[in-house]
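For reference, the structure discussed in these notes is given below.
Protein chains get the first letters and strands the later ones, always in sequence-line order, with residue 1 at the start of each.
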Amino acid sequence: MDNKRVANMVHELADMMELQGENSFKVGAYRKAARAIENSRVALHELEKGPIELNGVGKGTAAVIQEILDTGQLQMLQELKAELPPELPPLLKIPGLGPKTVHTLYQSLGVTGLNELETVIEEGKVKQLPGFGPKKEKNIAEGIRKMKERPERYLLVDAYKVAEIIQARLRECPHVLRVELGGSLRRMKETVKDIDVVVATEHPKEVASVLKKMPEVADVINDGDRKVSLQVEMEIPIQVDVRFVLPHQFITTLHHFTGSKEHNVRVRRRAKTFGWKVSEYGIFDPETEEEHPFETEKDLYDRLDLPFIAPEMREDQGEFDRDEKDLPKLLTNEDYQGDLHMHTRWSDGTASVKEMALTAQKRGYRYIAITDHSQSLKVAGGLTAEDLKKQREEINAVNEELSGITVLAGVEMDILPNGQLDFPDEVLKELDWVIASVHTAFQQDEDTITKRMLQAMENPYVHMIAHPTGRLLNRREPYRVDMDRVFQCAKETGTILECNSNPYRLDLNDAYLRRAKEEGITIAINTDAHSPQGMELIRYGIGTARRGWLEAKDVLNTWPLEKVLSRLQAKKEGTLS
DNA sequence: GCCGTTTTCGGCCCGACTGTTTTCAGTCG
């Protein structure tokens with residue numbers, strides 16, 4: 001049983017207990033454990049001392065997890081389900097509905113699921129309950145509608161488009177002194193639920209009124225002196241929370257609303273050891289009432305005698321356990337030297353080799369690789385060996401014409417369903433850079449798909465595996481592949497693994513990247529651009545890599561071209577150390 | 001249920017907003 005399924009059962013247990021009115025700290029403890037399981041880079045059954053190794057998992061939860069691993073079931077959960085309708089927990093997903101309300105609806109009106117809830121709302125029974133009223137009933141109905149029609153989480157790229165428009169408008173507003181994006185957006189999580197914005201201003205009412213008047217506002221969800229929440233309909237329909245603070249509070253508030261929640265809990269605990277109190281408005285000394293304002297987040301961490309921790313690392317995934325010299329110096333956009341996965345009109349791209357090279361040059365890159373699809377991928381106009389030779393001539397011409405940038409001749413070659421590669425070695429060895437990918441037969445079993453990938457990696461002319469798990473966020477699960485074996489083989493053969501920056505892919509993801517780094521596997525971050533604009537998506541790959549704690553040295557694309565080429569040569573010759 | 005520079009008990013982040021109340025409970029992040 002994989003971590004995700006175990007985590008889901010523990011979450012379900014927490015939901016059930018919460019609905020029963022169980023102690024909220026106990027419920028929280030199970031939730032924290034479930035998150036630790038989800039985020040663990042190691043499969044539960046591979047932990048040496050068992051689940052208790054995970055932060056937030058103690059004796060009790062460890063026993064619960066062990067029972068799930070051993071039997072696939074959980075006695076305690078079965079018993080709770082016998083006492084409470086099993087369709088109750090999903091109601092907690094309705095925005096505005098918490099455990100107390102759900103429990104009341106169940107006790108007083110016999111609501112056991114979504115259908116009954118909709119019925120009692122229609123019958124007007126909800127507003128008659130003590131503590132309820134017409135507005136509450138209307139809000140619940142609204143919450144149900146929202147839950148049904150909106151995905152739970154949006155792609156980072158879509159949320160960014162909305163966030164940056166709002167940020168730009170706020171910057172034009174005369175009362176706004178500072179404005180930054182926070183939340184999981186700032187931490188570059190692959191998907192986000194809402195957009196958090198922090199604004200420094202002396203006139204929150206005026207700024208709020210500018211926001212509320214935006215034509216895209218579909219609904220004002222919250223409207224207070226310090227905060228407004230808006231439902232906007234732009235690139236995507238999404239909730240935007242804006243916090244207003246005084247300028248001297250800006251840094252602590254930004255830090256607070258950057259999160260993660262788990263990271264903040266640790267920061268607060270840390271402050272407590274100095275006898276200080278932390279809120280979003282600052283760090284205070286309760287004895288002297290003294291307040292510590294900060295110019296930068298680095299000052300804030302300094303104050304707590306901690307090294308600066310980048311937003312992408314603020315997940316309570318071990319960032320507090322490192323002192324300054326052991327904390328990774330995350331790679332930056334400036335470190336990035338060249339994109340090694342892109343398509344042109346030769347296959348399914350929209351631009352020429354030269355157009356792609358010019359765009360890369362403008363971005364300050366030193367090199368790129370043209371990697372069109374191979375012959376068997378007919379839907380994408382895959383190239384034959386003959387086409388590749390002709391394309392090489394065009395690439396040579398571009399290299400002669402342009403200075404300061406080198407275009408490598410590459411290919412994104414299909415790994416065929418039977419495990420064979422789409423080109424023989426004689427073709428591959430003529431190319432500067434060979435990517436192998438799985439684009440077909442996703443439904444194969446784990447062993448078959450894994451072997452396809454291992455076979456490709458063992459070929460000395462294959463340099464990199466693209467988007468290794470094949471997942472598409474919100475669209476397609478990863479194919480069944482044994483990533484332990486893939487990592488092992490990548491290590492042994494010196495094959496590079498990709499972090500694909502396409503916002504639907506971000507594949508490898510943050511957790512796999514961190515594991516790859518620990519295993520000493522080289523990563524390449526590429527956009528898989530099918531147009532010049534596609535190269536802009538690199539920020540999401542770099543953001544994901546930063547979440548995976550990657551440093552410049554871990555990433556092929558930060559190296560000078562000579563070093564890249566000698567690395568590829570070494571794989572070919574099998575001379576990697 | 002978890003945890004420990006307050007260490008095996010007693011806390012566990014804490015403030016904003018809404019809708020119901022008429023001083024507060026519930027939800028959210």
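- Among the nucleotides B:dC13, B:dG1, B:dT20, the one closest to the side chain of A:Ala29 is B:dG1.
- Rounded to an integer number of Å, the gap from A:Glu22 CD to B:dC2 P is 13 Å.
- In this structure, A:Arg515 forms no cation-pi arrangement with A:Phe487, as its terminal cationic atom is not both closer than 6.0 Å to the ring centre and no more than 45° off the ring axis.
- We find that CH2 of A:Trp276 is positioned 16 Å from P of B:dC14, with the value rounded to whole Å.
- Here the side chain of A:Asp196 is nearest to one of B:dT18, B:dG29, B:dT27, namely B:dG29.
- The closest side-chain heavy-atom distance from A:Arg187 to A:Ser260 is below 4.5 Å.
- Spacing between B:dT20 and B:dC28 at atom P, rounded to whole Å, works out to 16 Å.
- Checking B:dC3, B:dG19, B:dA16 against every side-chain atom of A:Lys135, the shortest atom distance belongs to B:dG19.
- Under a 3.5 Å cut-off, the side chain of A:Tyr30 and the backbone N or O of A:Phe25 do not form any donor-acceptor pair.
- In this entry B:dG29 has B:dC14 as its Watson-Crick or G-U wobble partner, both defining distances falling under 3.5 Å.
- For the C1' atoms, the distance linking B:dT6 with B:dG11 amounts to 10 Å, nearest Å.
- Seen from the ring of A:Phe132, A:Lys136 counts as a face-on cation partner, given the 6.0 Å and 45° thresholds.
- An OP1 or OP2 oxygen of B:dC28 is reached within less than 4.0 angstrom by no side-chain nitrogen or oxygen of A:Asn222.
- When heavy atoms are screened at a 4.0 angstrom cut-off, A:Phe25 is found touching base atoms of the nucleic acid.
- Residue A:Lys136 contributes atom NZ, which lies 12 Å from atom C1' of B:dC24 at whole-angstrom precision.
- Separating the C1' atom of B:dC2 from that of B:dC13 is a span of 16 Å, rounded to the nearest Å.
- Between A:Phe274 and A:Gly133, the residue whose closest nucleotide on DNA chain B is further toward the 5' end is A:Phe274.
- The separation between A:Met17 atom CE and B:dG1 atom C1' is 8 Å, rounded to whole Å.
- Distance A:Lys205 NZ to B:dC17 P: 9 Å, rounded to the nearest Å.
- Counting any heavy atom pair closer than 4.0 Å across all strands shown, A:Pro95 reaches sugar-phosphate atoms only and no base atom.
- Comparing the C1' positions of B:dG10 and B:dG15 gives a spacing of 23 Å, expressed to the nearest Å.
- Seen from the ring of A:Tyr160, A:Arg539 counts as a face-on cation partner, given the 6.0 Å and 45° thresholds.
- The residue A:Val278 sits close only to the backbone: its heavy atoms come under 4.0 Å of sugar-phosphate atoms, none of a base.
- The side chain to side chain donor-acceptor pair (under 3.5 Å) with A:Glu315 is formed by just one residue from the set A:Arg547, A:Arg35, A:Lys189; it is A:Arg547.
- Following rounding to the nearest Å, A:Arg31 (CZ) and B:dT27 (C1') show an atom-to-atom distance of 13 Å.
- Side chain of A:Arg226, nearest nucleotide from B:dC17, B:dG29, B:dT18: B:dC17.
- Residue A:Thr61 places at least one side-chain N or O closer than 4.0 Å to OP1 or OP2 of B:dC2.
- Side-chain atoms of A:Thr273 lie closest to B:dT6 of the nucleotides B:dT27, B:dT6, B:dC13.
- Taking atom C1' on both nucleotides, B:dG1 is separated from B:dT8 by 14 Å, rounded to a whole Å.
- Candidate nucleotides B:dG29, B:dG1, B:dG26 were compared by shortest atom distance to the side chain of A:Lys193, and B:dG29 ranks first.
- Across the P atoms, B:dT21 and B:dT27 are found 16 Å apart, a figure rounded to whole Å.
- The CZ atom of A:Phe257 sits 14 Å away from the P atom of B:dC14 (whole-angstrom rounding).
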**OP:** Using the side-chain hydrogen bond (donor to acceptor under 3.5 Å, both in side chains) rule, take A:Thr71 and A:Glu67 through it: C-alpha gap first, then chi angles, then the decisive distance, then the call.
**Re:** CA-CA 6 Å; A:Thr71 68; A:Glu67 184 185 338; 4.7 Å; no
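- Out of B:dT27, B:dC17, B:dC12, the shortest distance to the side chain of A:Lys100 is found at B:dT27.
- Side-chain atoms of A:Thr112 and A:Glu87, non-hydrogen and from C-beta on, never get closer than 4.5 Å to each other.
- The side chain of A:Lys277 contributes an N or O atom lying less than 4.0 Å from OP1 or OP2 of B:dG15.
- Nucleic acid contact for A:Val57: sugar-phosphate only, since backbone atoms but no base atoms lie under 4.0 Å from a heavy atom of the residue.
- Side-chain N/O atoms of A:Tyr281 include none lying less than 4.0 angstrom from OP1 or OP2 on B:dC13.
- Comparing B:dG29, B:dG1, B:dT20 by their closest approach to the side chain of A:Asp194 singles out B:dG29.
- Map A:Lys272 and A:Leu92 each onto its nearest nucleotide of DNA chain B; the residue landing nearer the 5' end is A:Lys272.
- Atoms CD (A:Glu280) and P (B:dC13) sit 14 Å apart, rounded to a whole Å.
- Within the structure, a side-chain polar atom (N or O) of A:Thr101 is placed less than 4.0 Å from OP1 or OP2 of B:dT27.
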